[in-house]
Amino acid sequence: MPIKETIGTVISNKMHKTITVSVTTKVAHKKYNKIMSKTNKYYAHDENNICKIGDKVRIRETRPLSKNKHWILVNKIIK
């Protein structure tokens with residue numbers, strides 16, 4: 001299986017070495033075909049605590065690091 005990567009916005013950095021990333025995707029409704037925004041929240045590992053709230057980041061799926069943390073920070077795109 002390919003490694004999943006996605007781009008999102010940091011919405012929380014209050015935990016030590018962990019950030020919460022909000023990822024928004026556009027999805028068409030099955031019946032009405034209206035384009036809707038779907039939002040998912042992911043916990044990602046931020047080793048050096050470099051991310052601030054509002055940063056655009058790229059995250060990658062990895063092995064489970066804790067109960068809820070299965071993603072790792074690849075790089076910061078925009079401050």
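Because only heavy atoms are used, hydrogens play no part in the values below, and waters and symmetry mates are left out as well, while side chains stay in.
Annotation for Lys52 and Asn13: closest pair CA-ND2, 3.6 Å, computed over non-hydrogen atoms. Smallest separation of non-hydrogen atoms from Val23 and Gly8: CG2-CA, 4.1 Å. Heavy atoms only, all atoms of each residue included: Ile59 and Ala44 are closest at CG2-CB, 3.9 Å. Here the closest non-hydrogen pair linking Thr39 and Ser22 is CG2-OG, 3.2 Å. Taking all atoms of both residues into account, the shortest heavy-atom contact from Glu61 to Ile3 is O-CG2, 3.8 Å.
Side-chain atoms of Asn49 come within 3.5 Å of backbone N or O of Lys17 as a donor-acceptor pair. Side chain of Asp46 to backbone of Leu73: no donor-acceptor contact under 3.5 angstrom is found.
Side chains of Lys38 and Thr24: no donor on one and acceptor on the other come within 3.5 Å. One side chain, Lys69 or His45, offers a donor N or O that lies under 3.5 Å from an acceptor on the other.
The pair Asp55-Lys76 meets the salt-bridge criterion, with a side-chain N (NZ, NE, NH1 or NH2) lying under 4.0 Å from an Asp/Glu carboxylate O.
In the hydrophobic cluster analysis, where Ile, Leu, Val, Met, Phe, Trp and Tyr join through side-chain heavy atoms closer than 4.5 angstrom, Ile50 is grouped together with Val57.
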* So Tyr42 and His70, side-chain contact (heavy atoms from CB on, under 4.5 Å) or not? Walk me through it. -> CA-CA 8 Å; Tyr42 299 110; His70 307 283; over 6 Å; no
